[in-house]
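Presented below is the structure to which this report refers.
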Amino acid sequence: MTLPPAVPLPDPPKADRPAHYRLSTETWMLILKEYREGATAPYLASKWRVSVHAVRRRITMHGATKREWGDGQAIAMATAREAELEAARRNSPEAVAARLFQGLPMPSDEGEPDGGEDPAALARIAMLASGRAMRGRLWAEARALGALAETYQRLAAREGDGSGVGASGSGGGRGAALTPETAPLALIHAILTMGAEAKSERFRMDPDAGEAQPDYAIKRAYWRDWKEKGDWLRGVVFRRQALEARGEALEAALTEAGLPLPEEHSARRAARLAED
């Protein structure tokens with residue numbers, strides 16, 4: 001049996017034939033990059049007008065297999081995803097809250113009497129955490145912690161009203177409210193002799209926090225009273241200086257006219273002419 005002669009395949013179009021370019025290493029790196037990213041060897045041979053054999057030879061020469069590239073890409077994406085998850089965990093509300101309370105004397109889980117369950121102590125902890133939040137420009141957290149501190153302060157005051165004042169007059173009950181009448185004299189003396197810088201620091205207001213900062217109303221009232229007292233003192237000094245100038249002018253006029261000066265007690269005159 002005689003087979004029919006083989007039908008010759010048509011030659012590819014001239015534009016698709018290999019041009020036998022001598023490509024640079026940089027150009028071959030571009031071709032291999034496309035291969036790693038999914039392109040086939042015949043497609044690349046047609047696109048860059050090189051032979052399929054040349055493409056496969058370069059793939060073997062440079063070890064540019066799709067498996068190696070795919071493994072590298074998968075590892076890189078997994079590493080990036082893990083970094084994103086870690087950043088999300090680090091910035092989660094729970095993690096932020098944990099950093100705000102780090103190092104503060106928190107109540108124990110077993111309920112041991114460490115003082116943390118006292119509403120006054122809890123108010124202090126919430127105020128400290130609110131201050132940390134303000135320094136970190138976390139305004140929502142600072143506002144929420146400030147409100148929490150006020151709640152605990154009200155609870156502490158309510159406990160104090162219920163426990164009464166001890167026989168010593170020093171508020172002996174746990175959580176008793178401290179008032180000017182029941183405060184220790186040493187504390188009152190320390191407050192009265194507190195320096196101006198210490199007072200300014202104690203009542204310092206954060207202009208960025210506004211009403212969210214702890215004890216905002218008390219601090220605002222203090223600075224309002226401080227301004228009113230300063231205005232009053234400046235008025236007193238002005239009137240005293242005006243009276244002294246008037247008295248000196250009258251004394252000079254009487255002396256110039258040869259008239260005797262009014263009698264004045266020596267101690268009062270010395271006090272009037274003494275330096276401030």
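Just so it is clear, the structure is predicted and the values come from calculations on it, not from any experiment. Residues: numbered from 1 along the sequence shown.
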(message) Could you report the tightest heavy-atom contact between M205 and K219, atom names first, then the distance?
(response) CG-CB, 3.7 Å
(request) Inspect the surroundings of CG in L233 and state if more than 12 heavy atoms from other residues, nucleotides or ligands are less than 6.0 Å away. (result) yes
(message) Using side-chain heavy atoms (C-beta onward) and a distance below 4.5 Å, is V50 in contact with W28?
(response) yes
(request) Decide yes or no on side chain to side chain contact (heavy atoms under 4.5 Å, CB included) for Q213 and D208, but give the supporting numbers first. (result) CA-CA 9 Å; Q213 59 189 293; D208 296 330; over 6 Å; no
(message) Between Y222 and K199, is the side chain to side chain contact (heavy atoms under 4.5 Å, CB included) condition met? List the steps.
(response) CA-CA 10 Å; Y222 169 81; K199 287 182 181 179; 3.6 Å; yes
(request) Verify, without hydrogens or angle tests, whether T255 (side chain) and E251 (backbone) share a donor-acceptor contact under 3.5 angstrom. (result) yes
(request) Using a 4.5 Å cut-off on heavy atoms from C-beta on, say whether the side chain of D231 contacts that of R234. (result) yes
(message) Return the OH to CD1 distance between Y35 and I59, rounded to the nearest 0.5 Å.
(response) 4.0 Å
(message) Do L138 and R132 make a side-chain contact, defined as non-hydrogen atoms from C-beta onward lying under 4.5 Å apart?
(response) no
(message) Ignoring hydrogens, what is the shortest heavy-atom contact between G146 and S130? Give both atom names and the distance.
(response) N-OG, 3.8 Å
(message) Using the rule that Ile, Leu, Val, Met, Phe, Trp and Tyr join whenever any side-chain heavy atoms are under 4.5 Å apart, tell me whether M127 and L148 fall into a single cluster.
(response) no
(message) Once rounded to the nearest 0.5 Å, what's the spacing between atom CH2 of W223 and atom CZ of R204?
(response) 10.5 Å
(message) Within this structure, what is the CD-CG distance for the pair E248 and L243, rounded to the nearest 0.5 Å?
(response) 11.0 Å
(message) Quick check for you: to the nearest 0.5 Å, what is the distance between R135 atom CZ and D206 atom CG?
(response) 10.0 Å
(request) Identify the heavy atoms of Y152 and L122 that sit nearest to each other, and give their distance. (result) CE2-CD1, 3.5 Å
(message) Take a 6.0 Å sphere around CD of E197 and say whether it holds more than 12 heavy atoms from other residues, nucleotides or ligands.
(response) no
(request) State whether the side chain of W48 and the backbone N or O of Y43 hold a donor-acceptor pair below 3.5 Å, judged by distance alone. (result) no
(request) Mind listing the closest non-hydrogen atom pair of A45 and S51 along with its distance? (result) CB-C, 3.9 Å
(request) Find the distance between CD1 (I31) and CG (L23) and round it off to the nearest 0.5 Å. (result) 5.0 Å
(message) Could you check whether any side-chain N or O of T193 sits under 3.5 Å from a backbone N or O of H189, counting only pairs where one atom can act as donor and the other as acceptor?
(response) yes
(request) State yes or no: do M134 and L145 share one hydrophobic cluster built from I, L, V, M, F, W and Y residues joined by side-chain heavy-atom distances below 4.5 Å, directly or via other members? (result) no
(request) Find out whether I191 and L187 are in side-chain contact, i.e. whether some heavy atom of one side chain is under 4.5 Å from a heavy atom of the other. (result) yes
(message) Do the side chains of K47 and E34 get close enough for a salt bridge, i.e. N-O under 4.0 angstrom?
(response) yes
(request) Using a strict 4.0 Å threshold on nitrogen-to-oxygen distance, state whether K229 and D225 make a salt bridge. (result) no
(message) Does any part of the side chain of E26, heavy atoms only, come nearer than 4.5 Å to the side chain of L30, both counted from C-beta?
(response) no
(request) Using modelled atom types only, decide if a donor and an acceptor are shared between the side chain of S200 and the backbone of A196 within a distance under 3.5 Å. (result) yes
(request) Find the distance between CZ (R58) and CE (M29) and round it off to the nearest 0.5 Å. (result) 7.0 Å
(message) Quick one, I218 with F203, criterion side chain to side chain contact (heavy atoms under 4.5 Å, CB included). Give me CA distance, side-chain angles, the key distance, then yes/no.
(response) CA-CA 8 Å; I218 298 175; F203 287 92; 4.2 Å; yes
(request) Might you confirm whether atom CH2 of W226 has over 12 heavy atoms from other residues, nucleotides or ligands at distances under 6.0 Å? (result) no
